[in-house]
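As the structure is a computational prediction, the values presented were derived from the model and not from experiment. Below, all heavy atoms of this structure are taken into account, side chains as well, without hydrogens, waters or symmetry copies. Naming convention: chains lettered A, B, ... in sequence-line order (proteins, then strands); numbering from 1 in each chain.
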Protein chains: 2
Amino acid sequence: MGRVTIADVAKRAGVSLASTSRALNGQVASAATVEKVRAAAAELGYIPDSAARSLRTRRTGQLAFAVADIGNPVYVEMMREIESVVAAEDYRLVVSRTGDADATVELVRDLNRGYVDGLILSPLRVTDALVAALEASTVPAVVIGRLPDGAGVDTVMADSEGGVALAVEHLVTGGARRIAFLNGPVDTTPGRFRHAGFLRAVAERNDLVSAEYSAEDFTIEAGYAAATEIFENADTPWDAVIAVNDLVGIGIMHAAATRGISVPQDLAVVGIDNTSLTEVSHPGLTSVDLGSTRRGRKAAQLLLARMEDPELAPRAVRVPPSLQVRGSTTAQPTSVSRFASGEGRPR
Amino acid sequence: MGRVTIADVAKRAGVSLASTSRALNGQVASAATVEKVRAAAAELGYIPDSAARSLRTRRTGQLAFAVADIGNPVYVEMMREIESVVAAEDYRLVVSRTGDADATVELVRDLNRGYVDGLILSPLRVTDALVAALEASTVPAVVIGRLPDGAGVDTVMADSEGGVALAVEHLVTGGARRIAFLNGPVDTTPGRFRHAGFLRAVAERNDLVSAEYSAEDFTIEAGYAAATEIFENADTPWDAVIAVNDLVGIGIMHAAATRGISVPQDLAVVGIDNTSLTEVSHPGLTSVDLGSTRRGRKAAQLLLARMEDPELAPRAVRVPPSLQVRGSTTAQPTSVSRFASGEGRPR
DNA sequence: TACCGTCCTGGAATCGTTTCCAATGGAATC
DNA sequence: GATTCCATTGGAAACGATTCCAGGACGGTA
């Protein structure tokens, strides 16, 4: 015995194929028919075939989430949130790697195969070709990040500038005057905007000494290497360093520990993203929360809304930042006690 | 103009639909035909439809990876590895949550919808119904974890017992005699086997004082709470604690820090899974590596092999454990320097 | 009784591919 | 020149669902 199809169910129930389909899908059908069909389907253990249904309905019940590196906790947190939002609407989540710029464009073009009903994309680098592909796509897409003004694509963006300003303000309030920014690759969206935020925040005050460095990647290792170099060569002993993300921030803290620089007494460190890592490090890493889970949720909601009504005007949502202060910027011996109290990072 | 179908390409190329399909899929076709078809397809921007293809070929090019909680770094590491293995064979990855026991069974049954060609499942709890569903499934599945002996399903398992034994041995060598085990929920696969490993390892020596506790969940928070309670009530000051996983281990270290217990001098802590978190904490967390990435890779390979040949006899692969020693068990001031050297966790 | 409207029903078309199978044409062999 | 063979080809039948559309049954009203 092979697969049980709807035809088998129809035969067993003694009604037509059409009626069977209607009965199973809650379309118009008499109570008697529904009853017979339900029973027959249950007896046979009928399970509808996705491919056939997709072919006919032009819907897959799947959404894609594409990022550069699923290893980065910030993407994991987004994914979790997105999964929970779309699962509530019975969508499955397909994960993809964006790869390099060409691969990203290829990924967007591939949407036309129709293997998903929508895409949430968080590209590290945005090219013209990518924007064009997104605008041309018949499959709805939402971008988490920044697109050029006027791009006809839904986006949800973080307020990097505002977030970094919060960090600078916090550090200055704590007495810091010599503040460095350790960026990641500058040709990326986060690299560019977080850096810009730092420049602006620093420019707004005239009592600060500042400089920008950059790590080769958004990783702990790269952060460690870059920080080590800074510590060795800097003629200015920095009061504080703001890292482009938490991973790089952790790398800085390790480098400091290795050289006997104590955090936060000798050096304050601030990360960005407020991932769960901030609570694992010791001391806890003060971090700018750019709302990754909220961005994930927002993106999922935008996508669902657009799939509902494709004619909607493109929207750009901005999620406000906040600062989560931990031990890496203030000497608070009880800074780890939140595990008992349940405060801290939003879950 | 609507979707471009293969019929449009056929017309444009001036050949039959059948020939067009063959030409595009590298089946037998004359060079001239291939050329014409290629050109026509390119001009029209033809992209084959996944649903139609799946319906006909009974293949989707998708695999599912199902775990309890994508937030746990050990699953993220597995997923990364799995993704890279299957992407090389042009498979996409669908992520699912296992949820509770019933939901897991439901998930396996759902495979019969045919939305994926295979499944990699890492269930926290294994029920008879789950095993039955897996054995009955027409879609190949591989389980990362333990199934009852004789279950006709491919599995890849960690050597929890061996791994915990390594940890005990390491601690004893370091001088520890009073060793506690902080488990997670005991009715889960990892809870059960890691605990059993501890009991056996301890039983093999007669000079040890030991006890087992359990945290309510496999999280930092639960580890912190349980450890705090242990520190408050224990009449035995423990030399070392082995945690059921890294998250709980980190929780223990935080609890220790809060109470002024210094690690590793007053208390040694060992985690399990050797996730990236072990290098974020300070000091670094010594951890039993149960080969999560290798298990992920193995699982992916087993799955691909079984899809290739469904008649294969079920296989059970065991991945050997190792111990990664870090600062939480030995006072090594340079324990964080590996970021510079590139050693440590396999990537 | 005739007519109309409502509610259900089933036949058949359709979604876009792949692939079976019979047919064609030309080259090669005798 | 007839026969065999091989390489290609195109028509048509799947794959398994949903949905259009015409028609039948039935009840109510004139």
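For B/Arg315, there are no salt bridge (Lys or Arg N to Asp or Glu O under 4.0 Å) partners, not counting sequence neighbours. In this structure A/Arg146 satisfies the salt bridge (Lys or Arg N to Asp or Glu O under 4.0 Å) test together with A/Glu161, sequence neighbours excluded. With sequence neighbours left out, B/Arg92 forms a salt bridge (Lys or Arg N to Asp or Glu O under 4.0 Å) with no residue at all. In this structure A/Pro190 satisfies the side chain to side chain contact (heavy atoms under 4.5 Å, CB included) test together with A/Leu124, A/Thr188, A/Arg194, A/Phe218, sequence neighbours excluded. Under the salt bridge (Lys or Arg N to Asp or Glu O under 4.0 Å) criterion, B/Arg109 pairs with no residue at all, not counting sequence neighbours.
Applying the salt bridge (Lys or Arg N to Asp or Glu O under 4.0 Å) test to residues at least two apart or on different chains, the pairs with a partner in residues 11-27 of chain A are A/Arg12-A/Glu43. Sorted by first and then second residue, the pairs that involve residues 303-314 of chain B and meet salt bridge (Lys or Arg N to Asp or Glu O under 4.0 Å), not counting sequence neighbours, are B/Asp154-B/Arg306.
Within the helix from C/dT1-D/dA30 to C/dC30-D/dG1, the inter-axis angle between the opening and closing five-pair segments is 60°, rounded to 10°.
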Distances under 3.5 Å between protein N/O atoms and the N/O atoms of nucleotides 23-27 of chain D, please, pair by pair.
none

What's touching nucleotides 8-11 of chain D from the protein side, N or O pairs under 3.5 Å?
| unit_1 | atom_1 | unit_2 | atom_2 | d |
| --- | --- | --- | --- | --- |
| D/dT9 | OP1 | B/Ser30 | OG | 2.9 |
| D/dT9 | OP1 | B/Thr33 | OG1 | 2.4 |
| D/dT9 | OP2 | B/Ser30 | N | 3.2 |
| D/dT9 | OP2 | B/Thr33 | OG1 | 3.2 |
| D/dG10 | OP2 | B/Ser16 | N | 2.9 |
| D/dG10 | OP2 | B/Ser16 | OG | 3.3 |
| D/dG10 | OP2 | B/Ser19 | OG | 2.9 |
| D/dG10 | N7 | B/Arg22 | NH2 | 2.8 |
| D/dG10 | O6 | B/Arg22 | NH1 | 2.9 |

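Counting 5' to 3', DNA chain C first comes under 4.0 angstrom of a heavy atom of chain B and last does so at the ends given by C/dG16 to C/dC20.
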Give every donor-acceptor pair under 3.5 Å between a side-chain atom in residues 26-42 of chain B and any protein atom, sequence neighbours left out.
| unit_1 | atom_1 | unit_2 | atom_2 | d |
| --- | --- | --- | --- | --- |
| B/Ser30 | OG | B/Thr33 | N | 3.2 |
| B/Ser30 | OG | B/Thr33 | OG1 | 2.8 |

